[in-house]
Amino acid sequence: MNQQYVVGMDVGTTGAKAAVIRLDGQVVSEAYREYTCIYPRPNWVEQDVDLIVGKALECCREAVQKAKLDPAAISSVSFSTQRCCSIFVDARGGLVRPMISWQDNRAHEEVEEIAARIPAEEFYDITGMPLNTTWMVSKIMWVRKHEPENWQRVSKVVQLQDYALRTMGAEDWFDDVSDGGFYGLWDPYNFRWSGRLLSLLELDESLFPEPTASGTRVGSVSEAAAERCGLKAGTPLCVGAGDQNSAAVGAGIVHKGMLSVSLGTGGLAAAYLDQPFRDPNRKSMVDNHAVYGKWQLEGLQAGAAGVFRWFRDEIAALEKEAAGRDGKNVYERLNEMIKATPVGAKGLLLLPYFASATTPRWNPHARGTLLGLTFAHDRASLARCFMEGITMEVRDMVNSMVSAGITIDQARILGGATKSEIWNQMQADVYNRPVETLKFTDAAIMGAAIFAAVGVGAFEDIPEGAEAMVRVDRKYTPDPAAAGRYDEIYGLYCRTYEALEDRGIFRDLARLQGGY
């Protein structure tokens, strides 16, 4: 093919990005837009899906303009999107209600209802997912129960990937296969909807989009979308993947023994599996890899860099204001403060459960907890404590995978957090294993670009595309002294969680917050 460029777009939880990328992995241009979530009540999280997809199209237009290319030189486009977002549409494709975010935990009663119909162990064995409020099925049941007038109008329940594709001009509703698991109704071992779960929960398969392999062409950019995104009308439109599945591909996690760790608004550890696998502890998630016919073992973190962003906005207001005056990045200042603070943050400990505890705890009632404050602590101590606490929760995920029998030979760390060298080294120390960073840290966008290229035949398959386009940057090895100190802190982290949970503190706090 003559064209050597593709566009990858990532529609995340708090920001959208787009990049024009060459088929050798060189990023030509990129653009970013930020937005927020809506919090109607404690534990409820919603978003305006038209707003956030619109921001992605704005990014695409800006990236194409920055690239100074004839749009005809761009051979195809694909998406990476936040997963597990429940979008309810009517027969005409119009929105019935605001999108319910993956971070939303309102449907705990519906989870109890599911558990009354099928044991949690059997639910896991079918879906590869621990029964939890995160998955879409509980939110679907919540809308059916609490918003009957809206439910009567619902024709399809789709995810953000599907909505973005349709907005761009896709011919129907298509959901990438790797996203199917996040409905909580998908059988990832047989690549189909679970008839047993659909029957038990009184749902029909026609309610959902068509499961389609990543890297499949499903239409062309429409005239209306072309005006908004800057691409040429008729540009091939290819199925992408959920952000973490896309990021795994964009990090080159396409062979056995490889692990990616992504710290975005949420966090995720993902290991490639070439054989079907069920976690004997039923703690980690098993979904389909973006490489069709393969699997991915995941640990999910509901609040990761999003928790550090909260610290930036709510606690580090002075640093943020000063950075704005000086025209500097506030994170650079925070990194300097953290580097000057000893390992362990002078004895502070954070449980970063701002949006519940997911892998391996799976506790919707868990809440963020800061422990150990004295008059000797300052904002620098707090900054380091927040960064360490977020990283400790990732260690929880990695430990869960290893205890389930997964071998991890190689780890690559992803996301905006890798711009911080102190955080990169901290991850090597906390996990006590070497980690690698990437030349292009937005691996989800790179994954989308790979899908776009595969969809028009630039590569034979996704692994070939990853081999050609993914580039490693630096390697960080653990510092033995820091790793030993973090072993001690991790033990305290686990005991603190267990003490609060065993005494019912988390549940009582969640009940108290429910009254506001």
Start with the C-alpha gap between Arg192 and Glu205, add the side-chain angles, then the distance that decides, and say whether salt bridge (charged side-chain N to carboxylate O under 4.0 Å, His left out) holds.
-> CA-CA 10 Å; Arg192 65 189 181 199; Glu205 185 174 328; over 6 Å; no

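Note on ring orientation: taking the six-membered ring where Trp is involved, the planes of Phe308 and Tyr331 are parallel (angle under 30°, cut-offs 30° and 60°). Tyr272 and His255 have tilted rings, their planes meeting at an angle from 30° to 60° on a 0 to 90° scale. Ring geometry for Trp295 against Phe191 counts as tilted: the plane angle lies between 30° and 60°, on a 0 to 90° scale. The aromatic rings of Phe354 and Phe386 lie perpendicular to each other, with more than 60° between the two planes, well past the 30° mark.
Met168 places a side-chain heavy atom less than 4.5 Å from the side chain of Met9.
Comment: Asp396 engages Arg361 in a salt bridge, judged by a side-chain N to carboxylate O separation of less than 4.0 angstrom. A salt bridge links Glu109 with Lys145; the closest basic N to acidic carboxylate O contact falls under 4.0 Å. Comment: Glu149 does not engage Arg153 in a salt bridge, judged by the lack of any side-chain N to carboxylate O separation of less than 4.0 angstrom. A salt bridge links Asp287 with Arg83; the closest basic N to acidic carboxylate O contact falls under 4.0 Å. The pair Arg106-Glu46 meets the salt-bridge criterion, since a charged nitrogen lies less than 4.0 angstrom from a carboxylate oxygen. Here Arg33 pairs with Glu62 in a salt bridge; the nearest charged N to carboxylate O distance falls below 4.0 Å.
Using modelled atom types, no side-chain atom of Ser260 and backbone atom of Met258 make a donor-acceptor pair closer than 3.5 Å.
Here the closest non-hydrogen pair linking Ser194 and Ile126 is OG-CG2, 3.6 Å. The nearest pair of heavy atoms linking Ala302 to Ser356 is CB-O, 3.9 Å. Of all heavy-atom pairs between Thr36 and Gln47, the closest is O-NE2, 3.6 Å. Smallest separation of non-hydrogen atoms from Trp135 and Cys84: CA-SG, 3.7 Å.
The CE atom of Met129 lies 9.5 Å from the OG1 atom of Thr134; values are rounded to the nearest 0.5 Å. Going from atom OG1 of Thr418 over to atom CZ of Arg412 covers 13.0 Å, rounded to the nearest 0.5 Å.
With hydrogens and angles left out, the side-chain atoms of Tyr497 and Asn363 include a donor and acceptor closer than 3.5 Å. Side-chain atoms of Glu298 and Gln296 form a donor-acceptor pair, as typed in the model, at a separation below 3.5 Å.
Each of Trp193, Phe88, Phe182 was compared with Phe208 under the ring-ring contact (aromatic ring centres under 6.0 Å, His included) criterion, and only Trp193 meets it.
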